[in-house]
Amino acid sequence: MRCVLAVVVLLCVGVSPMLADEPAKPVEVRVTKEKTIENSIGMKFVLIPAGTFTMGSPAGEKDRDVDETQHQVTLTRSFYMGRTEVTQGQWKKVMGTEPWKGESFVQEGDDYPAVEISWNDAVEFCKKLSAMENRVYRLPTEAEWEYACRGGTKTAFSFGDDEGELSKYAWFDGNAWDVDEKYAHQVGQKLPNAFGLHDMHGNVWEWCSDWYAEYPSGRLTNPRGPDTGSSRVLRGGSWNDVPHVVRCAYRKNLTPGYRFINVGFRLLLE
């Protein structure tokens, strides 16, 4: 399926004298946006349409936290979201380093998520990849992340409210830590959400661009978080977290220089 923007252009080139009195015929030029694209280092992206959604969790949601106050958010621009978390192979192609090397509870391989990545590291990756391809790659805002995670749903998880279904969509403590698979797993092994995104729940925490703060009140359009702060937002939970931590609305915050074995990131392409 394609998102198509039709642009009508009037061409008046090479009109003969005999046709001078006839009106020029409009020529339809189609500019298309692909639903999925792949970049030069093999990263796959899915088109996320603009829209309005309810961010946060309802008062009755199981195990909700006080910083998840519901509010309406409108995103006026579509964007591309990484189908998976950034992998070790992709990281090495851009940065040439292996920050996870030799760490305990880490599986190494090109298809495993890049971990031990700080917010500062992730931003530097975005800058280098943007320069390589002359495109704008960045971390998603917290609102963009939750909108993409929900995939049009209003439930605790992108697939509904039943924790019993979580193993089909996520790596979390119940099918990783608790069964002695104490590491982030290869990306894209679990079912995707309605937008076609994998591992939005669990596997590794994903940095967002925002400084962390309580949500502002009222309706918001393209929110980018506060101008200053001391910690950055992470979303999605990880392979050693309990089910309520990998919900769509759950929020975590850490200092921008923090690195750990369950922290990675996902890219947004403007």
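For the single chain, residues carry numbers from 1 onward in sequence order. Basis for what follows: all heavy atoms, side chains included, without hydrogens, waters or symmetry-related copies.
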For this session: Could you list all the salt bridge (Lys or Arg N to Asp or Glu O under 4.0 Å) pairs where at least one residue sits in residues 204-230, not counting sequence neighbours?
Result: E206-R266

For this session: Indicate the ring-plane relationship of F159 and F157, choosing parallel, tilted or perpendicular according to the 30° and 60° boundaries.
Result: parallel

Exercise. Cation-pi between R232 and W207: NZ/CZ under 6.0 Å from ring centre and within 45° of the ring axis?
Worked result: no

For this session: Determine the interplanar angle of the Y250 and W205 rings, folded into 0 to 90°, and report it as parallel if under 30°, tilted if 30 to 60°, perpendicular if over 60°.
Result: tilted

Problem set entry | Criterion salt bridge (charged side-chain N to carboxylate O under 4.0 Å, His left out) on R251 and E68, from CA distance to verdict | CA-CA 8 Å; R251 310 173 70 202; E68 298 172 12; over 6 Å; no

Problem set entry | Aromatic ring proximity Y183/F105, centre distance under 6.0 Å | no

For this session: Applying salt bridge (charged side-chain N to carboxylate O under 4.0 Å, His left out), name anything that partners E38, two or more places apart in sequence or on another chain.
Result: none

For this session: Answer yes or no: is there a side-chain heavy-atom contact under 4.5 Å between H201 and C248?
Result: yes

For this session: Would you please classify the geometry between the F265 ring and the F125 ring as parallel, tilted or perpendicular, with 30° and 60° separating the classes?
Result: perpendicular

Exercise. Is there a side-chain contact between Y137 and E270 (heavy atoms, below 4.5 Å)?
Worked result: no

Problem set entry | Option passing side-chain contact (heavy atoms from CB on, under 4.5 Å) with Y80 (candidates L47, V46, N39) | L47

For this session: Tell me, yes or no, whether the heavy-atom count around K182 atom NZ, taken from other residues, nucleotides or ligands under 6.0 Å, exceeds 12.
Result: yes

Problem set entry | Side chain to side chain, L267 and C126, heavy atoms closer than 4.5 Å | yes

